[in-house]
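Below is one structure, written out as structure tokens; comments come after it.
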Amino acid sequence: MENHTFVVGQEFPDVKAFRNAIKEAAIAQHFELRIIKSDLIRYFAKCASEGCPWRIRAVKLPNVPTFTVRSLEGTHTCGRNAQNGHHQASVDWIVSFIEERLRNNTNYKPKDILHDIHQQYGITIPYKQAWRAKERGLAAIYGSSEEGYCLLPSYCEQIKRTNPGSVAEVFTTGADNRFHRLFISFFGSINGFLNGCLPVVGLGGIQLKSKYLGTLLSATSFDADGGLFPLAFGVVDVENDESWMWFLSELQKALEMNTENMPRLTFLCDGQKGIVDAVRRKFPSSSHAFCLRHLSESIGKEFKNSRLVHLLWKAAYAATTIHFKEKMLEISEVSSAAAKWLQQFPPSRWALVYFEGTRYGHLSSNIDEFNRWILEARELPIIQVIERIHSKLMAEFQDRQMKSNSWFSVLAPSAEKRMIEAINHASAYQVLRSDEVEFEVLSAERSDIVNIGTHSCSCRGWQLYGIPCSHAVAALVSCRKDVHTFTEKCFTVAGYREAYAETIHPIPERIEWRKMSEAPMDDDDDDAQVVRPPKFRRPPGRPEKKRICVEDDLNREKHTVHCSRCNQTGHYKTTCKAETMNSIEQF
């Protein structure tokens, strides 16, 4: 059937195969079918074009499902009469056309479907039809969105059974158990964060695009080598202040269950007020900072000047107040409006030199890197999104466990590289010892005071990054101390291995635990086990490209428009009423 032609006596496995073949031929050869008779034992059709003599008749053979072409009359005289659309190009046909493509790429867009069908068959189908076909195809491959919510309780139980110590809870609302929120944190992530990661947590969210929408909230950290370390994630029906308070409350409980001494954490986020308030309430001893990537994106969009973005990063990384003020002066010289705009964000929230907590050199969170894990799965049912994260976690933990086995240094590679650079610079310094712990380190440009007891240097590099700076290295080497023992544990290879010490275990095939959700239950428990999807669904129209991600965005000073005709504010020349009023007065 590669050339879509039929011959008398040609056989097909069954009636369905024949119908698919005749439909495919009609679409490929651009003629419309008029079906005269079609049932389980016979099929009779002709060309729908008036005056075209083409006819086909097929029947079922006795005692077997095989269908055969019994007669074929005439040849087409109608020409290509189905170029802009085709009645046989139904949603089901489009689903069969795109199924393999969807399996390989869940982000296969309706416009791509239109393009591929037109390129292969030369017909144009409506966009809405392509969209419906994609929705139906995803449901056929991955299950429906409704089924995904229904399976959540069983999936959470499987997480807790296969990964003991993990937290996996689904929360519902209303008498009919509509999905409200979901929180998941694997024991491997909790244990690894508390014992081997930097005490820095990034917070953020990304909108899901399935039938019932929702937002994926996540908390991530950094391992000893600066890599992404997912700590916890959840899905909420609506992202707001209340949902962030709930998420951080669940995170706090998960951490407190696994440690007696909660570390002093530093939280990085995009500045939403709801997140800031939740951090203050649930982690009162922690520090909070703006994610500089979001802040730099905001100033870039506001003033369309890459020079401002570059200077902002320079100011944020400044190790001294003098250097910081120099960069801020340069920002005001480039744009006084940008300098004024930046005043709404206190330097203590984004500049290293003024920050009260410890960021270990991380000015931005790695939430965006985590979100890329599920970018292609955002249109899938909720259960598929969680499975995608679980699969990625399993692979990453295993890969990093194996990778660290080949490391023989004390520090993780990125920290070791920084230490080697510091040692190389320190060789050119002169060290004067004051007492057991305090030293003066002289270089060609400056002198710095180092205190190895408090792990501090007047250049502030040691305090800001947690790794001895070149001045500290010079002081430590002068008194024959091991520089590696003065580095924070969270930068060591031992710390890295502890972060990935626990394995993220696989979860059985869905068919096994689906039976648990379908098993008979008591009348009192039945409703509690069935999670229904949220009441609201995806609204029509194009969604917003990106969420607002800076604090107090609504309080930002508004741009005032000015009319060049009447010199008044509040409108443009094109909407000015002055000329109209003058005309009326003259009349």
Side-chain angles (χ1 to χ4, degrees), residues 1-104 108 110 112-126 128-144 147 511:
M1 287 300 299
E2 290 183 2
N3 55 359
H4 304 292
T5 58
F6 296 90
V7 294
V8 175
Q10 189 173 357
E11 294 184 351
F12 298 85
D14 51 34
V15 64
K16 184 177 180 181
F18 174 76
R19 287 171 178 167
N20 289 338
I22 192 71
K23 179 183 290 188
E24 188 81 11
I27 294 171
Q29 296 177 11
H30 295 262
F31 68 87
E32 292 286 3
L33 276 175
R34 179 171 296 169
I35 300 173
I36 299 172
K37 187 72 175 180
S38 177
D39 55 33
L40 296 178
I41 60 172
R42 55 194 165 181
Y43 185 96
F44 182 30
K46 64 177 184 177
C47 180
S49 182
E50 192 70 30
C52 182
W54 187 87
R55 304 278 192 281
I56 190 170
R57 181 170 172 265
V59 297
K60 176 182 173 295
L61 295 178
N63 304 321
V64 290
T66 306
F67 243 63
T68 183
V69 177
R70 184 58 56 84
S71 65
L72 189 61
E73 302 174 13
T75 56
H76 285 287
T77 60
C78 53
R80 300 167 67 88
N81 60 359
Q83 297 180 27
N84 294 326
H86 204 292
H87 288 108
Q88 299 301 318
S90 62
V91 172
D92 287 336
W93 176 81
I94 300 172
V95 169
S96 65
F97 174 79
I98 67 175
E99 186 171 355
E100 282 305 312
R101 292 173 171 85
L102 274 179
R103 288 185 188 276
N104 298 328
Y108 189 37
D112 299 326
I113 297 173
L114 297 178
H115 174 268
D116 291 348
I117 288 178
H118 186 270
Q119 190 174 46
Q120 185 164 336
Y121 293 99
I123 62 172
T124 302
I125 61 172
K128 192 172 185 180
Q129 199 169 1
W131 183 86
R132 284 176 176 168
K134 180 184 177 181
E135 292 283 299
R136 194 175 297 181
L138 289 174
I141 298 170
Y142 300 104
S144 67
E147 182 186 21
I511 189 67

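Reckoned from all heavy atoms, side chains included, excluding hydrogens, waters and symmetry mates. A quick note: this is a predicted structure, and the numbers were derived from the prediction, not measured.
- Ser90 and Lys23 make their closest contact through OG-NZ, 3.6 Å (heavy atoms, listed as atom of the first residue, atom of the second, distance).
- The pair Arg101-Asp112 does not meet the salt-bridge criterion, since no charged nitrogen lies less than 4.0 angstrom from a carboxylate oxygen.
- Formation of a donor-acceptor pair under 3.5 Å by the His30 side chain with backbone atoms of Tyr121 is found in this model.
- Rounding to the nearest 0.5 Å places OH of Tyr142 at 14.0 Å from CD of Glu147.
- Although no hydrogens or angles enter the test, the distance criterion places a donor-acceptor pair under 3.5 Å between the side chain of Gln129 and the main chain of Ala89.
- Proximity of Thr66 to Asp14: side-chain heavy atoms (C-beta onward) are nowhere separated by under 4.5 Å.
- A salt bridge links Arg103 and Glu100; the closest N-O separation between the charged side-chain nitrogens and carboxylate oxygens is under 4.0 Å.
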Exercise. Do Asn20 and Phe12 pass the side-chain contact (heavy atoms from CB on, under 4.5 Å) test, and can you show the C-alpha distance, the side-chain angles, and the key distance before you say yes or no?
Worked result: CA-CA 10 Å; Asn20 289 338; Phe12 298 85; over 6 Å; no

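- Within the model, atoms CD1 of Ile41 and CZ of Phe67 stand 8.0 Å from one another, a figure rounded to the nearest 0.5 Å.
- In this structure, CD1 on Ile113 lies 7.0 Å from CD1 on Ile125, to the nearest 0.5 angstrom.
- Within 6.0 Å of the CG atom in Leu61, the count of heavy atoms belonging to other residues, nucleotides or ligands exceeds 12.
- Aromatic pair Phe18/Tyr43: ring centres closer than 6.0 Å.
- Residue Arg57 places its CZ atom among 12 or fewer non-hydrogen atoms of other residues, nucleotides or ligands, all under 6.0 Å distant.
- Put simply, the side chain of Glu32 gets close to the backbone of His87: a donor and an acceptor are under 3.5 Å apart.
- Counting all heavy atoms, side chain and backbone alike, Thr5 lies closest to Gln10 at O-OE1, 3.7 Å.
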For this session: Test Val91 against Trp93 for side-chain contact (heavy atoms from CB on, under 4.5 Å), laying out the working first.
Result: CA-CA 5 Å; Val91 172; Trp93 176 81; over 6 Å; no

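- Rounding to the nearest 0.5 Å gives a distance of 4.5 Å between CD1 of Ile94 and CD1 of Ile117.
- Counting heavy atoms from C-beta on, the side chains of Val7 and Leu72 never come closer than 4.5 Å.
- Remark: the backbone N or O of Val64 is paired with a side-chain donor or acceptor of Lys60 at under 3.5 angstrom.
- From Ile56, atom CD1 reaches atom CD1 of Ile36 across 12.0 Å, with rounding to the nearest 0.5 Å.
- Closest approach of Cys47 and Phe31 over heavy atoms only: SG-CB, 4.3 Å.
- Residues Arg19 and Ile22 share a closest heavy-atom pair of O-CG2, 3.1 Å.
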For this session: Test Leu114 against Thr124 for side-chain contact (heavy atoms from CB on, under 4.5 Å), laying out the working first.
Result: CA-CA 7 Å; Leu114 297 178; Thr124 302; 5.9 Å; no

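- Distance check, rounded to the nearest 0.5 Å: CD of Gln29 to CD of Glu24 gives 10.5 Å.
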For this session: In sequence, state the C-alpha distance, the side-chain angles, and the governing distance for Leu33 and Trp54, and then conclude on side-chain contact (heavy atoms from CB on, under 4.5 Å).
Result: CA-CA 10 Å; Leu33 276 175; Trp54 187 87; 3.8 Å; yes

